Chemist: 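A single structure is presented below for examination.
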Amino acid sequence: MIPDWIELRTLGDERGSLAVIEAGKQVPFAIRRVYYIFGTRPEVTRGMHAHHRTRQAAFAVRGKCAMLLDDGATRISVTLEDPAKGVMLEPMVWHEMSDFSPDCVLLVLADAEYDESDYIRNYGDFTNHVHSSQS
Ligand code: TYD
């Protein structure tokens, strides 16, 4: 599984930097929800779920964290540490976030409102879904 990175153009001048995310341009979906995770302790692992349908894009707009991505066949770990470089979290990709720096602010854009029924929070259920969709 190759992670789908989103590289933002940084607009900068002597006053500082600015990055823009527009729906359907830098992110390939209409943004219905924005949330951000902050104040996470470094020893904590978050996420640990997949979504049936929701598409998301995640950016560490400050600090850094690790993001494990698992499509049921391959596992990869990427580091989010550049505010202008995010990663797509596609449906049916199990993801775990860890190794948060104390200052990390992880911004997530989603194409759907929060819906607990869209979550798969058990890894065994996730792999069962992956294998049943392949047969
Ligand atoms: P949770 O899914 O456990 O966060 P993470 O995936 O980062 O580990 O979400 C924490 C709580 O927040 C949980 O009670 C669900 C709730 N929540 C919302 O109400 N709306 C949202 O958009 C999100 C992402 C979570």
Side-chain angles (χ1 to χ4, degrees):
M1 177 187 33
I2 299 165
D4 208 351
W5 290 103
I6 300 165
E7 303 212 19
L8 304 178
R9 194 159 71 92
T10 302
L11 308 169
D13 57 30
E14 67 285 352
R15 297 169 299 166
S17 301
L18 185 153
V20 184
I21 305 172
E22 291 170 291
K25 294 186 181 173
Q26 293 86 357
V27 291
F29 54 79
I31 300 162
R32 296 287 305 276
R33 177 166 52 111
V34 176
Y35 62 94
Y36 46 95
I37 294 167
F38 58 97
T40 303
R41 295 199 312 277
E43 68 274 19
V44 161
T45 300
R46 301 194 58 130
M48 306 187 76
H49 61 251
H51 291 280
H52 289 287
R53 293 171 298 279
T54 303
R55 297 184 84 188
Q56 301 187 103
F59 295 80
V61 292
R62 184 175 176 87
K64 63 188 280 190
C65 70
M67 177 80 75
L68 175 94
L69 303 169
D70 178 342
D71 65 2
T74 312
R75 297 196 129 200
I76 56 160
S77 183
V78 300
T79 302
L80 295 176
E81 57 187 344
D82 181 343
K85 187 173 175 185
V87 70
M88 284 294 300
L89 304 174
E90 296 286 6
M92 293 308 291
V93 174
W94 183 267
H95 49 282
E96 301 180 6
M97 299 85 85
S98 61
D99 299 314
F100 288 86
S101 63
D103 61 345
C104 184
V105 180
L106 183 66
L107 175 76
V108 184
L109 313 173
D111 75 346
E113 290 168 16
Y114 174 72
D115 176 4
E116 186 59 37
S117 71
D118 186 54
Y119 280 71
I120 305 170
R121 292 194 182 270
N122 177 282
Y123 189 75
D125 293 345
F126 166 69
T127 54
N128 286 342
H129 272 93
V130 170
H131 295 135
S132 63
S133 69
Q134 286 167 350
S135 57

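Since we're looking at a predicted model, the values are computed, not measured. All residue numbers in this chain count up from 1 along the given sequence. Whatever order the structure lists them in is the order used to number ligands and atoms, beginning at 1.
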Chemist: Shortest non-hydrogen contact from Phe126 to Met92?
Modeler: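 Scanning both residues, the minimum pair turns out to be CE1-O, 3.5 Å.
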Chemist: Can we call the ring centroids of Phe59 and Tyr36 under 6.0 Å apart?
Modeler: no
Chemist: Throw together a table of side-chain donor-acceptor distances under 3.5 angstrom for residues 77-88, partners on residues two or more places apart or in other chains.
Modeler:
| residue | atom | partner | partner atom | Å |
| --- | --- | --- | --- | --- |
| Asp82 | OD1 | Ala84 | N | 2.8 |

Chemist: Name each N or O atom in ligand 1 that is under 3.5 Å from a protein N or O, and give the partner atom and the distance.
Modeler:
| residue | atom | partner | partner atom | Å |
| --- | --- | --- | --- | --- |
| ligand 1 | 2 (O) | Arg121 | NH1 | 3.4 |
| ligand 1 | 2 (O) | Arg121 | NH2 | 3.0 |
| ligand 1 | 4 (O) | Arg46 | NH2 | 3.2 |
| ligand 1 | 7 (O) | Arg46 | NE | 3.0 |
| ligand 1 | 7 (O) | Arg46 | NH2 | 3.1 |
| ligand 1 | 8 (O) | Arg46 | NE | 3.3 |
| ligand 1 | 8 (O) | Gly47 | N | 2.8 |
| ligand 1 | 22 (O) | Arg33 | NH1 | 2.5 |

Chemist: Which atoms form the tightest heavy-atom contact between Gln56 and Tyr35, and what is the distance?
Modeler: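 Minimum heavy-atom contact is OE1-OH, 2.8 Å.
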Chemist: Identify the heavy atoms of Tyr123 and Asp70 that sit nearest to each other, and give their distance.
Modeler: OH-OD2, 2.6 Å
Chemist: Decide yes or no on salt bridge (Lys or Arg N to Asp or Glu O under 4.0 Å) for Glu90 and Arg55, but give the supporting numbers first.
Modeler: CA-CA 5 Å; Glu90 296 286 6; Arg55 297 184 84 188; 2.8 Å; yes
